[in-house]
Amino acid sequence: MPRYQIYGLSLDSDHRFRTRLMVGTRPTDLAFRVKDQAPVSVEGLLPSYASRLRNEDGDSLSALYRLGSLDVVRFADGAAFYLDRSSISCGRPDPRASAVMEIRLLGSILTYWLERLGIPALHCAAVEVEDRAVGFLSSNHGGKTSLAAAMVARGHRLITDDILPLEERDGRFQGRPSYPQMRMWPAEAARFVDDWENLEVVHPELSKRRVPVAEADFCPESRELAALFVPRRRGPDDLGGGVEIVPIAPAQALMQLVRHSFWPQLVETLGWQPRRMALFARIVEKVTICDLLYPPGFGVLPEVCDAISRCVAGFSQPPSPR
């Protein structure tokens, strides 16, 4: 049975993944199966959690049902995942929905699985710098993937393109790796990849491409978290400014972690918020979290990469928190 390595988990599955995953070598932590028949029905049951976001029909986009040792995550289109203590399963999707099923498994479902273990995940790209993890939180038009790709092009290994689980070990915080693949919009892919038009799309309704990352350019092990950056491209009224790295005050840094974490409403509903907030507070105490401001355009990325590397290496210190 094929075994894969993702988010620090050893995943056993006979599913043929379109996403490029690393081969796992450790004993299995978790099994994933696609089954022809659902193990249980949740029709008519009240969910333990229902998303406040709704589709055009007024249905919650996702809902969680807790049935003893079995958790069921159901989506508005009727697709459902069934999670017990050591496995995840789902119903066999329509061939046209296979890509959506995989995106959900590797995204929202595995982040929920990790949250149950007390390992929250950030919506964040990350690379290895000085043997440590440096992350770029997903902010509006911040360009986290472009920043990560630019750092990889300069010799830094990719840790993750989109999801960064955070684990505390002996008072230090580790960022767990995802898989050697990135997802890029056409403009990004055209900048970093030759023949990008021939790359597979992430989803039939999206123009994003699956961009493979060479094994030599991927970090398959957890790395201690050195810094998190909140990237923001300067707007039309601020184009005269250059690259600027400014530490964020602790209270604002804590809110950035909450804002960029997965399942915030569910975590609050299930009573896991104190545990998560305590961990985030400890991260803020020990990990540098900064605003990263820079002009728009790909041409400035080398300068941004230099500033990030200098900051992490300690060769130049950013200004005091404003």
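This is a predicted model, so every value here is computed, not measured.
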J.: Is there a side-chain contact between Leu64 and Thr269 (heavy atoms, below 4.5 Å)?
T.: no
J.: Of Glu128, Arg176, Glu130, Arg132, which is the lone residue that meets side chain to side chain contact (heavy atoms under 4.5 Å, CB included) with Arg223?
T.: Glu128
J.: Among Ile, Leu, Val, Met, Phe, Trp and Tyr joined by side-chain contacts under 4.5 Å, find the other residues sharing a cluster with Tyr82 and list them by chain and number.
T.: Val40, Val42, Leu45, Tyr65, Leu67, Leu70, Val72
J.: Mark yes when over 12 heavy atoms from residues, nucleotides or ligands other than Glu197 sit less than 6.0 Å from its CD; otherwise mark no.
T.: yes
J.: Under the 3.5 angstrom rule, does the side chain of Tyr7 hit a backbone N or O of Leu106 as a donor-acceptor pair?
T.: yes
J.: I would like to know whether Leu83 and Tyr112 meet side-chain contact (heavy atoms from CB on, under 4.5 Å); could you show each step before the answer?
T.: CA-CA 10 Å; Leu83 299 78; Tyr112 173 65; 3.8 Å; yes
J.: Please indicate whether Asp14 has more than 12 foreign heavy atoms, meaning atoms of other residues, nucleotides or ligands, lying under 6.0 Å from its CG.
T.: yes
J.: Examine distances only and state if a side-chain atom of Arg232 and a backbone atom of Asp291 form a donor-acceptor pair shorter than 3.5 Å.
T.: no
J.: Between the side chain of Ser10 and the main-chain N/O of Arg26, is any donor-acceptor distance below 3.5 Å?
T.: yes
J.: Salt bridge check, Asp131 against Arg157: does any charged N sit closer than 4.0 Å to a carboxylate O?
T.: no
J.: Between the side chains of Arg3 and Thr28, is a donor N or O closer than 3.5 angstrom to an acceptor N or O?
T.: yes
J.: Please write out which residues are connected to Val201 in a hydrophobic cluster, directly or through intermediates, given that two of Ile, Leu, Val, Met, Phe, Trp, Tyr count as joined at side-chain heavy-atom separations below 4.5 angstrom.
T.: none
J.: Do Thr145 and Arg183 get their side chains close enough for a donor-acceptor pair, meaning under 3.5 Å?
T.: no
J.: Taking Arg66 first and then Asp71, would you say they form a salt bridge - that is, a charged N and a carboxylate O separated by under 4.0 Å?
T.: yes
J.: Look at Arg18 together with Glu200 and state whether they make a salt bridge at an N to O cut-off of under 4.0 Å.
T.: yes
J.: Are the side chain of Trp196 and the backbone of Pro186 linked by a donor-acceptor contact shorter than 3.5 Å?
T.: no
J.: What residue among Glu224, Glu285, Glu167 forms salt bridge (charged side-chain N to carboxylate O under 4.0 Å, His left out) with Arg172?
T.: Glu224
J.: Would you check if the side chain of His260 reaches a backbone N or O of Ser138 as a donor-acceptor pair within less than 3.5 Å?
T.: yes
J.: Between the main-chain N or O of Asp59 and the side-chain N or O of Asp57, is there a donor-acceptor pair closer than 3.5 Å?
T.: no
J.: Between Arg276 and Glu268, does the salt bridge (charged side-chain N to carboxylate O under 4.0 Å, His left out) criterion hold? Intermediate values first, please.
T.: CA-CA 9 Å; Arg276 175 187 270 192; Glu268 183 176 359; over 6 Å; no
J.: Spell out, as yes or no, whether a donor-acceptor pair under 3.5 Å connects the side chain of Gln5 to the backbone of Met22.
T.: no
J.: Going from CZ on Arg74 to OG on Ser60, what distance comes out if it is rounded to the nearest 0.5 angstrom?
T.: 11.5 Å
J.: Is it the case that the side chains of Ser146 and Arg191 hold a donor-acceptor pair, with the cut-off being a distance below 3.5 Å and no angle test?
T.: no
J.: Rounded at 0.5 Å granularity, tell me how far CG in Leu257 sits from CG in Leu137.
T.: 7.0 Å
J.: Could you tell me whether Arg282 atom CZ has more than 12 heavy atoms of other residues or ligands within 6.0 Å of it?
T.: yes
